[in-house]
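What follows is one structure encoded as structure tokens, with my remarks underneath.
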Amino acid sequence: MALKASNINVGDTYAEEICRNLSRTQIVQYAGVSGDYNPLHSDEIYTTEIAGYPSIFAHGMLSMGMTGKMLTNFVGDGRLKSYGVRFTSQVFPGATLTATATITSIRQEAGEHLADIEISTTDETGNEVIKGQASAILDA
Amino acid sequence: MAVDKFPIEAGHIMMFARAIGDANELYYNAEYARATEPGCTIAPPTFVQASAQFDANYFLRPKIGQEWFGSAKQATGITGKKESSGNSGGGGGLHAEQHYVYHHQVKVGDVLSTTVKPGKSWEKEGRRGGKLMFSETITEYRDQNGKLIVTATGVGVRTERPATS
């Protein structure tokens, strides 16, 4: 499951489609489970008429959560040391997102083998919606 | 969000995994989880955000007996007074960044608590000339034995007008 330091190289990439034609219902599912019921994510009337946005949009944390699924599939369960992102664009219903991890360094620290990873999640037009980085523990 | 007790529950993790579209059996089947490297059901990397469910005062959840600012029959459920002005983002601005440092696994059966500290704050001119006001919040999640499990740093941004980048 986990990556092996001896099997990977700087520059290696891994990508996954993390959602296709994102539904409003999936955004509602995320609101329900996370507890973030901000109407900007489910209430079209409030969002367009009061808040002034063109449409409801996904929680940034939904995009980060879906991107995290790509990461755990890549590095293995329970292997992350850190994971951070910047939300660079809003994600609207109908989005198809692809998350990509690129190994930027492989190093040893306090007896552990670690990989540093750059993350980019883009929509179907190539627009980047998440830019981030992570580090993960590798097998020797 | 300061939370005294955030019980890590298997059903909550299962529903969270469904919401992020993660089919990993680890989140659905305790028996399967026991045979994996973590040895038990652990939470997905961003799960601690759902601690909002256990914050009695979390402002983005409708409260029993109180008006809700989202729509009802009208575009906002706030009646009898003017819509609060200057909050174009609705509900206190937008989420700009989120960072986690994982010290230990978040496991089913743990009961976490949080300590919240303010971090840095700064301003920037937006691409369309409006001012962007950023502020950082650091949340430390500790288990029932006081052990630091996750450090979460969130960055919020308030805009002078809706940010439709």
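Naming convention: chains lettered A, B, ... in sequence-line order (proteins, then strands); numbering from 1 in each chain. Just so you know, these numbers use all the heavy atoms, side chains as well, and skip hydrogens, waters and symmetry mates.
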*Interchain contact, B:Q105 with chain A, by part (heavy-atom threshold 4.5 Å)*: side chain
*With respect to chain B, which residue among A:M70, A:K81, A:E44 yields the maximal number of heavy-atom pairs within a distance under 4.5 Å?*
A:K81
*Are more than 12 heavy atoms from other residues, nucleotides or ligands located less than 6.0 Å from atom CD1 of A:I45?*
no
*Among the options A:M61, A:E49, A:Q29, A:R79, pick out the one with the most heavy-atom pairs lying under 4.5 Å from chain B.*
A:M61
*Run the salt-bridge test on A:R20 and A:E124 with the 4.0 Å N-O cut-off and return the result as yes or no.*
no
_Ionic contact status for B:K117 with B:E140, cut-off 4.0 Å_ = yes
*Going through the checks in order, is the side-chain hydrogen bond (donor to acceptor under 3.5 Å, both in side chains) test met by B:E25 and B:Y27?*
CA-CA 5 Å; B:E25 188 75 1; B:Y27 305 130; over 6 Å; no
*From CG (B:L94) to CZ (B:F134), nearest 0.5 Å*: 10.0 Å
*Find the one option among B:W68, B:F16, B:Y102 whose heavy-atom pairs under 4.5 Å with chain A are most numerous.*
B:Y102
*asked:* Looking only at heavy atoms and a cut-off of under 4.5 Å, which of B:H99, B:H12, B:R18 has the most pairs with chain A?
replied: B:H99
*Between A:T100 and A:S120, does a side-chain hydrogen bond (donor to acceptor under 3.5 Å, both in side chains) hold up when you go through it step by step?*
CA-CA 5 Å; A:T100 306; A:S120 174; 6.0 Å; no
*So what's closer than 4.5 Å to chain B heavy atoms on A:D43: side chain, backbone, both or neither?*
side chain
_Closest-packed option against chain A by number of heavy-atom pairs under 4.5 Å, given B:R61, B:E37, B:Q98_ = B:Q98
*asked:* So for B:P44, is it side chain, backbone, both, or neither that comes closer than 4.5 Å to the heavy atoms of chain A?
replied: neither
